[in-house]
There are 2 protein chains.
Amino acid sequence: MQNLKRSMNRLQAMELFVSAVREGSFSAAGRRVGLSPASVSRYIGELEAQLGVQLLNRSTRHLGLTDAGKIFFQRTEQVLHGIEDAEAAALALQTAPRGTLRVHSRTLFGIKVLSPLIPGFQKLYPELKVELRLSERRPQLREDEFDVDFQIQAAKDPALMQRRLLRSERILVASPDYVARMPKLREPEDITRHNCLTYWMGPDDVVWKFMHRNRLREIVVPSSFSSNNGVVLCDLAAGGHGIALLDDYTVADELKSGRLRRLLPGFRVTNSTFDEGMYATFLQSSYLPEKIRVFVDYMAEHVPKQVKRSAR
Amino acid sequence: MQNLKRSMNRLQAMELFVSAVREGSFSAAGRRVGLSPASVSRYIGELEAQLGVQLLNRSTRHLGLTDAGKIFFQRTEQVLHGIEDAEAAALALQTAPRGTLRVHSRTLFGIKVLSPLIPGFQKLYPELKVELRLSERRPQLREDEFDVDFQIQAAKDPALMQRRLLRSERILVASPDYVARMPKLREPEDITRHNCLTYWMGPDDVVWKFMHRNRLREIVVPSSFSSNNGVVLCDLAAGGHGIALLDDYTVADELKSGRLRRLLPGFRVTNSTFDEGMYATFLQSSYLPEKIRVFVDYMAEHVPKQVKRSAR
DNA sequence: ATCGATCTTTTCAGATTCTGCAAAGGACAT
DNA sequence: ATGTCCTTTGCAGAATCTGAAAAGATCGAT
């Protein structure tokens, strides 16, 4: 153990080195962490001086790694992850969950199910701040720095862990007004003569799948309107503009009030897979931070009740 | 990646934490690394504050780890070892001749001089892989990621360093058969009545320069054939097709065997500059990797011998 | 060929962190 | 009760860190 009196901030140098390699220049790295290019240049130069190793070949347009630089980069990335893990592990063993919980969900589920539950959760854990972000875009948990994302499908990525909160079904719905003035729907194929409000999943044809007594029928659906937002589809359907395919619990209120009717109730319907639900999704970790554990536990207990309550 | 401006020396804090746990007190840790107990106390306090985790239970006689402290200690020890490993690995690649050596040379020099020397070099350094690339194109050492290039001229670029391996002369040669059936060459100007096999240097006229007793004569040379490849020029000259201007050591065997004759031996001849040779060229570096140093040293020792041997 | 944009490096002066000393208080052993 | 060793906190001086400015390099666009 050598003398540590007034030693250079080596960890900062390592972080800057990794950032410079990733971003491709000292200036870009500096912009990222709030330092000037001059500071970045000095740190990395000092790192090389202390090591006695040239890590980078510099030019104004190209940053090249030496062979020694390559191995040092790989090892240093691992070290930085190790530090994050050490901190996360220590924090996870705290008895009181604290800090900020960053949560993501689709808009409709966030509005209808999650947001009514947040106040009750925060009453239990007042030291925990919650950021709830809603969008139709599927985030990257690590890169976008979310603690929990609510996803409708089981995750394939081994780096993710999930807790299933509920099963869901998709159902066809339309307003009574629309049902009265359009031809009756008896078979799935009748759907082609209707105005379908579809969920936007890409530039391909929209296919709705109908399952009845283990017989599957796939219908290419004409779509005069599509959106990636469930609230919009729900509102247009209730407004009498066509037929929408939506998750059952998200239209429970409209069904109860009679603003929407279910169509073809004898069929299971989906635009992707039949086996769907709602999963609380978080990064795999040796020690799950307490704040995530308590949040997921709370939602596992309360989401099914919330969904039932709004379906009554 | 968070703001790094004036961030606390986290690595030092981690090192002090580990040392305090091992030594059993802040004071003992401080004695070990040359810091006062007050400094150690402040670092560890700051570490806990930033983590939001209590790591140690302090008393004047006993330092106790919390549960969070225990896991943080284990992980931090690993991190510190990881840093040592990263540094050792980078230094090892710098100081030990290992890894891959990427070498470039012109074709003729590569075939005649370099490639016979590579096995001897690799016997000395078996852990070093060598990639030898031959071409007539002048590479960019940094962008093309070559460690060493053999160039015939002194470099003007300050980013490059060179070691001169040998001096060379260019000489006029032709086969005995060609000499017997063509008019005798007495003066440089006689060259215009001969078939010249020229080295392709661009679309301009080819000029051969003759120096005798400080008198320079520049002759525009008729060229029925040109190539950027010395092997080709050598073969055509030996086949009796004309006169070629080639580096002395590259035609030593042909001169010895009588397949080629030297012409106008009283003149120094060149198609560019008279002061040429062969330079091992590599990127300027504060810390020259060992693999480059041993390679250049080996070639500096053996190339002159190899050239003499083939000139005998 | 010129210009503009972006880059790295070095120097300088001001801002901020780091440092030991001193003081205060605590926990033992003798 | 005393001595030894310990941790913590405030203070003032020492050292590091920082961006701005200047200089030079390298491209791409015109």
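This one's a predicted model, so the numbers in the text were calculated from it and none came from an experiment. A note on names: the letters A, B, ... follow the listed sequences, proteins ahead of strands, and every chain is numbered from 1.
- Taking the six-membered ring for Trp and thresholds of 30 and 60 degrees, B:F109 and B:F150 have ring planes inclined between 30 and 60 degrees apart.
- Neither OP1 nor OP2 of C:dT17 sits under 4.0 Å from any side-chain N or O of A:Q12.
- Between A:L134 and A:H104 there is no side-chain heavy-atom pair separated by less than 4.5 Å.
- The listed nucleotides are D:dC17, C:dT17, D:dA21; the one nearest the side chain of A:A38 is D:dA21.
- In this entry the distance linking CG of B:N9 with P of C:dT16 reads 19 Å, nearest Å.
- Atom CD of A:E46 is separated from atom P of C:dT9 by 13 Å (rounded to the nearest Å).
- Rounded to whole Å, atom P of D:dC27 lies 13 Å from atom CG of A:L63.
- The CZ-P distance, from A:F17 to C:dT8, rounds to 14 Å in whole Å.
- Listed pair B:S36 / C:dC21 fails the phosphate criterion, with no side-chain N or O lying under 4.0 Å from OP1 or OP2.
- Between the B:T66 side chain and the B:Q54 main chain, a donor and an acceptor come within less than 3.5 Å of each other.
- Rounded to whole angstrom, the span from the CZ atom of A:F26 across to the P atom of D:dA25 amounts to 18 Å.
- Note: CZ (A:R32) to C1' (C:dC7) measures 19 Å, nearest angstrom.
- A donor-acceptor pair shorter than 3.5 Å cannot be found between the side chains of B:E131 and B:T100.
- Note: CG (B:L4) to P (D:dC17) measures 13 Å, nearest angstrom.
- The side chain of A:S27 has C:dC7 as its nearest neighbour among D:dT8, D:dT18, C:dC7.
- Counting non-hydrogen atoms under 4.0 angstrom, A:R6 reaches a base of the nucleic acid.
- Applying the 4.0 Å criterion to OP1 and OP2 of C:dC18, one finds that B:S39 has every side-chain N and O outside that range.
- Taking only side-chain nitrogens and oxygens, A:S41 comes nearer than 4.0 Å to OP1 or OP2 of C:dT9.
- For the OP1/OP2 pair of D:dC6 and a distance below 4.0 Å, the side-chain nitrogens and oxygens of B:R31 include at least one atom meeting the criterion.
- Comparing B:L35 and A:G24 by the nucleotide of DNA chain C that holds the closest heavy atom to each, the one mapping nearer the 5' end is A:G24.
- For the pair A:Y43 OH and D:dT16 P, the interatomic distance rounds to 11 Å; values are reported in whole Å.
- Of the charged side-chain nitrogens involved, at least one lies within less than 4.0 Å of a carboxylate oxygen, so that B:R102 and A:D67 count as a salt-bridged pair.
- Side-chain atoms of A:R42 lie closest to D:dA20 of the nucleotides C:dT16, D:dT7, D:dA20.
- Distance from the side chain of B:S25 is smallest to D:dT7 among D:dT7, D:dC17, C:dT17.
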